[in-house]
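The sequence lines fix the lettering, A, B, ..., with proteins before strands; numbering per chain opens at 1.
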Amino acid sequence: MLKILLNGNQLETEAKTLEDLCRSLGYSNDKIATALNGEFIPERNRQDAVLTRNDKIEIVSPRQGG
Amino acid sequence: MLDGPDKNNSSLLRLYGEEFSSRLLLGSAKYPSPDVLRQAVQESESEIVTVSLRRESARDKSGQRFWELIQHLDITLLPNTAGCHSVKEAVTTAEMARELFNTNWVKLEVIGNDDTLQPDLFGLVEAARILTERGFRVFPYTTEDLGAAEKLLQAGCEVLMPWGSPIGSGRGLNNVYALKTMRNYFPGVPLIIDAGIGAPSHAALAMELGYDAVLLNTAVSQAEDPVGMARAFQMAIKAGHLSYQSGLMESRDMASPSTPIAGTPFFDLQNDS
């Protein structure tokens, strides 16, 4: 199990890549965008983004804004 | 150089090569319900609506529900970087927004102070430069500072969005003199008042000053009747723009009767008394 920080919260995951993580969380068909340690990771690159201990991951979605 | 106010031919708003008939840009936040948001957008006649992005929760998936609503509104989306306090945060947020909303337009906010929500102008210019180099069309939320405005244009911005007053304050145009100066200083640049508008009269004044458009959110979404207020803003902005095109009279310090003096009854008697 890998300890990571997902959207500011600690999480233990068996996911090896960002793509695995998104799938394990049920986001496969959802409108989301991702960042790893402050860097944007496009959808096409998520499978190449290997997770390591203490990675900080952001998974965001559309929201109301002014 | 750039598209901007032209009293003789300015029925359409031109932003980064695209044309719009509405000069009201509407925010999508803080409405009492999704249906009220939908009705307010329709009643406002806005063609550009601002949106944002936030952390998604696997539990409630609120982002997916909002996406379902917003993609059926037949509008142009303008994602913002609200809440970003650094250049890096703003740039990464913009990149995530570009993928999420499939647009290279971004309303760039780099916040410098949490109490006033005023922009960090130094960070704003730097982020605008980076994003423009990466193919974004940047709508910078700025102040009326002319030096910062020059730098933003040099960084590649073709639109400027000075605040009227602090975000969400509803105070209207805090510094009319500076906003007039900005309008006159950049006659060819599309200028949009962004933030601080509280009443349709504020928006009308902005348009009478020659601003190209107004961006607002809270004044509509937090009104007692957001749908009615959306319509009121739509009318005020049209009225303000038409009055700018029609040329306002010069104001005077002294009174001047509008009814002709010649032929006034009892004129001599008044003068003799």
Exceeds 12 heavy-atom contacts within 6.0 angstrom, atom CG of D60(B) = yes

inquiry  = Does N102(B), at its CG atom, have more than 12 non-hydrogen atoms belonging to other residues, nucleotides or ligands within less than 6.0 Å?
reply    =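 Incorrect, the count does not exceed 12.
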
note = Pair count under 4.5 Å, heavy atoms only, with chain A: among Q64(B), E95(B), R65(B), highest is Q64(B)

query = Which one of K30(B), K61(B), R55(B) has the most heavy-atom pairs closer than 4.5 Å to chain A?
reply = R55(B)

request  = Name the member of P42(A), S61(A), A35(A) that forms the most heavy-atom pairs with chain B at distances under 4.5 Å.
outcome  = S61(A)

query = Is the gap between the ring centers of W105(B) and F139(B) under 6.0 Å?
reply =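 Yes: the rings meet the under 6.0 Å criterion.
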
query = In Å, rounded to the nearest 0.5 Å, how long is the span from CD of E56(B) to CG of D30(A)?
reply = 6.5 Å

request  = Below 4.5 Å from any heavy atom of chain A, which atoms of E89(B) appear? Answer side chain, backbone, both or neither.
outcome  = neither

inquiry  = Taking side chain as everything from C-beta outward and backbone as N, CA, C, O, which of these in S57(B) sits under 4.5 Å from a heavy atom of chain A? Side chain, backbone, both or neither.
reply    = backbone

ask   = Side chains of S52(B) and N80(B): do they bring a donor and an acceptor to under 3.5 Å?
value =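 Checked: S52(B)/N80(B) side chains pair up, N/O donor to acceptor below 3.5 Å.
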
